[in-house]
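Below, read A as the first sequence line, B as the second, and so on, with proteins coming before strands; counting in each chain starts at 1. From a predicted model like this one, the values you see are computed outputs, not experimental measurements. Below, each value reflects all heavy atoms present in this structure, side chains not excepted, and no hydrogens, waters or symmetry copies.
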There are 2 protein chains.
Amino acid sequence: MVGMAATIKDIAKLAGVSPGTVSRVLANKVGFFSEHTGEKVRAAAAELGYQKNTAAAELVTQQSNVVAAIVNSTKTNFASPIIEGIQAEAHRHDLNVIILYAGDDDSEQQRRALTTVIERPVRSILLLSVDLAAENLTLLQNSRIPFCFLSISFDEIQVPYITSDDWQVGYQATQTLLKLGHQNIGLAGVDSDFHTGRQRVAGYRQAMQEAGITVQPEWIQLGNYSYTAGQAAMRAYGANSGLTAIIGASDMAAVGVLNTARSLGYRVPTDLSILAIDGTEICELVQPALSSISQNFYEMGVAGVQQLCAPGELPQKITPIKLVERDSLQRNG
Amino acid sequence: MVGMAATIKDIAKLAGVSPGTVSRVLANKVGFFSEHTGEKVRAAAAELGYQKNTAAAELVTQQSNVVAAIVNSTKTNFASPIIEGIQAEAHRHDLNVIILYAGDDDSEQQRRALTTVIERPVRSILLLSVDLAAENLTLLQNSRIPFCFLSISFDEIQVPYITSDDWQVGYQATQTLLKLGHQNIGLAGVDSDFHTGRQRVAGYRQAMQEAGITVQPEWIQLGNYSYTAGQAAMRAYGANSGLTAIIGASDMAAVGVLNTARSLGYRVPTDLSILAIDGTEICELVQPALSSISQNFYEMGVAGVQQLCAPGELPQKITPIKLVERDSLQRNG
DNA sequence: CTGTTAGCGCGTTCAC
DNA sequence: GTGAACGCGCTAACAG
């Protein structure tokens with residue numbers, strides 16, 4: 001609601017020129033107005049406390065410089081570095097970014113966020129880790145607004161996304177522990193309903209198989225990557241699990257594992273090594289600090305904006321991962 | 001960028017009616033169109049995959065249903081519950097919310113966030129814990145868009161805000177430790193450059209004075225509420241501080257204190273009690289879980305939206321705080 | 001260099 | 001009930 005704000009017409013009247021001229025000087029179309037009128041117009045604008053109505057401008061130019069980021073939940077702790085990456089790269093392209101929350105697997109909330117963005121002029125849409133309900137994906141595609149998923153991947157549908165190689169995440173996490181002499185390795189809190197989780201499990205299984213280890217069914221504890229999922233997994237393993245190492249499917253899950261393991265009497269890392277997946281700041285907040293397979297979330301955000309600014313590029317891109325050693329791992333035997 | 005999307009004109013042509021009529025049925029102005037034309041128009045709209053251009057509508061109606069929340073940093077961990085509160089209450093009023101990040105004490109970023117919001121039709125603006133540079137406050141006030149600060153308070157300027165009573169926060173935190181028999185109590189990571197921090201310090205001092213304790217200058221360690229501020233404070237206290245309890249000026253600061261205290265050889269809470277201020281989820285992530293003076297952030301968000309929906313109310317409101325006991329406090333002596 | 005005209009997509013009169 | 005016309009604030013195209 002702009003209220004009774006001044007318009008270019010008001011400025012025109014005050015400066016004694018036409019609205020067209022005002023538009024030109026305010027847009028700084030050099031060469032299309034004289035020094036003198038430039039001064040006059042700017043003075044009038046300042047006097048009236050003029051604020052441009054960008055929505056009106058976008059209506060006529062049919063283009064916008066805002067990119068929207070839709071995030072699945074306020075609780076997704078890795079969203080923060082992604083958003084920072086988006087923001088940084090967007091500003092480099094002189095783009096502005098707005099963020100919307102789409103709730104946690106709530107298709108109604110998703111629709112709400114999506115429509116408030118689609119019904120307005122936005123240049124492109126980035127979706128952080130949100131798995132859209134089918135009808136909402138249709139909505140998005142029909143809008144003809146360029147979009148790209150971040151930190152999530154798909155197999156059945158064909159859409160642009162940028163994320164880590166989740167198979168490698170699972171594989172390298174497992175390899176890391178294998179190399180330390182661990183054999184009985186758990187995977188805690190992973191979601192097998194979606195591609196991301198299935199890939200991580202597949203990478204884990206492959207690494208185990210290559211090492212000649214048969215994974216026991218109970219070693220893989222499913223969940224939704226949350227703290228409580230980590231807790232539940234560890235409780236399921238129990239005090240006499242026989243496990244010497246556990247991979248937390250996310251940082252939060254790993255912390256859940258850590259705290260519950262402690263209350264079950266495990267010493268970490270002496271009795272039990274824990275490796276987190278994600279590598280956000282919480283890894284350094286807890287004690288012992290959690291070693292992690294770290295994703296480059298910031299880079300994901302940057303790449304997302306670049307991808308949308310350079311159409312024609314490969315629609316699917318992979319950001320690198322790396323092992324970050326902290327204090328939660330120990331050689332076995 | 002809406003692209004070549006269908007407009008009400010297209011629908012009008014397809015349905016064989018006038019654009020005005022289309023507008024009426026789509027806005028569901030009952031009584032202003034017949035059953036028959038209603039059907040026709042809706043069918044045409046569906047066939048064309050029509051998406052309303054809300055920006056254009058807002059241009060003519062001169063009002064918007066989106067409220068903008070400007071957040072000071074992606075790292076502010078308590079922003080999450082505030083945003084959830086905003087979102088919930090906004091949806092109750094059929095409002096949509098967009099979020100912008102204003103960076104960390106970066107007046108250029110602030111201006112950017114502010115103008116992208118002001119130049120567009122938004123109904124109102126909520127500012128989460130952002131202390132605006134003077135020129136940006138002027139910008140905001142000139143926009144004539146209703147606004148309200150959240151989780152921050154002011155003394156010198158007169159603006160609407162909703163927050164906890166920061167004096168009480170400091171006072172009650174200190175009282176809590178006093179009642180447990182502590183006398184040498186530190187306050188770590190608090191910022192005295194702004195009203196919020198000064199109030200907390202004042203509450204702390206008052207409680208100490210009432211208990212007849214002279215606070216030593218080094219007991220108050222200034223900082224910016226961050227994890228590193230907490231670390232720095234604890235390092236300043238040192239291994240032989242004589243302190244038996246420390247108040248962390250925020251959850252993050254408290255965790256910084258906790259981890260550094262540990263590395264200095266303190267056992268928490270046996271040797272040292274730690275009380276956090278804020279009470280967000282990280283208090284439960286670390287071990288021992290941190291007791292806290294908890295703020296009701298969710299309620300702040302709710303109240304912020306209500307305040308903006310019911311003009312004429314008191315512009316300054318206080319949300320309640322409460323002590324949440326976890327495992328980081330112990331009686332002294 | 002500058003004024004005039006047209007129109008972006010929509011809601012809302014005001015006639016009929 | 002419905003169509004025609006107007007205008008929201010702005011930019012772009014076209015004269016001059």
Study note, to complete from the structure: Sorted by chain and residue number, the side-chain contact (heavy atoms from CB on, under 4.5 Å) partners of B/Glu135 (sequence neighbours excluded) come out as B/Ser107, B/Ala133
Check your understanding: Quick one: B/Arg120 CZ to D/dG9 C1', roughly how many Å, whole number?
Key -> 14 Å
Review point. Can you check the A/Lys13 NZ to D/dC10 P distance for me, whole Å?
Key: 13 Å
Study note, to complete from the structure: Residue pairs passing the salt bridge (Lys or Arg N to Asp or Glu O under 4.0 Å) test with at least one member in residues 37-65 of chain B, sequence neighbours excluded, are A/Arg120-B/Glu58
Study note, to complete from the structure: Taken in chain and number order and not counting sequence neighbours, the residues that satisfy side chain to side chain donor-acceptor pair (under 3.5 Å) with B/Thr319 are none
Practice item. Check side-chain contact (heavy atoms from CB on, under 4.5 Å) between A/Ile157 and all other residues, then give those that pass, not counting sequence neighbours. Key: A/Leu137, A/Phe154, A/Val159
Practice item. Can you establish whether the number of heavy atoms outside A/Tyr298 located under 6.0 Å from its atom OH is more than 12? Key: yes
Exercise for review: Would you kindly give the CD-to-P distance between B/Gln62 and D/dC10, to the nearest whole Å?
Suggested key: 10 Å
Review point. Whole Å only: how far is the CD atom of A/Gln63 from the P atom of C/dG9?
Key: 14 Å
Practice item. With sequence neighbours left out, write down each residue that passes side chain to side chain donor-acceptor pair (under 3.5 Å) with A/Asp131, or none if nothing qualifies. Key: none
Which pairs would a plain distance check flag for residues 17-26 of chain B, meaning a side-chain donor or acceptor within less than 3.5 Å of a matching protein atom at least two apart in sequence or in another chain?
unit_1	atom_1	unit_2	atom_2	d
B/Ser18	OG	B/Thr21	N	3.3
B/Ser18	OG	B/Thr21	OG1	3.2
B/Arg24	NE	B/Gly20	O	3.1

**Study point:** Set of side chain to side chain donor-acceptor pair (under 3.5 Å) partners for A/Gln295, sequence neighbours left out
**Key:** A/Ser164, A/Asp278
Exercise for review: Would you kindly give the NZ-to-P distance between B/Lys9 and D/dG3, to the nearest whole Å?
Suggested key: 15 Å
Check your understanding: A/Ser153: what forms a side chain to side chain donor-acceptor pair (under 3.5 Å) with it, not counting sequence neighbours?
Key -> A/His195
Revision key, fill the gap. Contacts satisfying salt bridge (Lys or Arg N to Asp or Glu O under 4.0 Å) that involve residues 107-116 of chain A (not counting sequence neighbours) are A/Glu108-A/Arg111, A/Arg112-B/Asp94
**Study point:** Pairwise distance CD1(A/Ile125) to CD1(A/Ile118) - rounded to 0.5 angstrom
**Key:** 5.5 Å
Practice item. Give, ordered by number, those residues of residues 31-42 of chain A having at least one heavy-atom distance below 4.0 Å to an atom of DNA chain C; if nothing qualifies, reply none. Key: A/Gly31, A/Phe32, A/Phe33, A/Ser34, A/Thr37
Between protein and nucleic acid, restricted to nucleotides 11-13 of chain D and to nitrogen or oxygen atoms under 3.5 Å apart, what atom pairs and distances do you find?
unit_1	atom_1	unit_2	atom_2	d
D/dT11	OP1	A/Lys52	NZ	3.2
D/dT11	OP2	A/Ser23	OG	2.7

Revision key, fill the gap. Axis-to-axis angle for the helix from C/dC1-D/dG16 to C/dC16-D/dG1, ends of five pairs each, to 10°, equals 40°
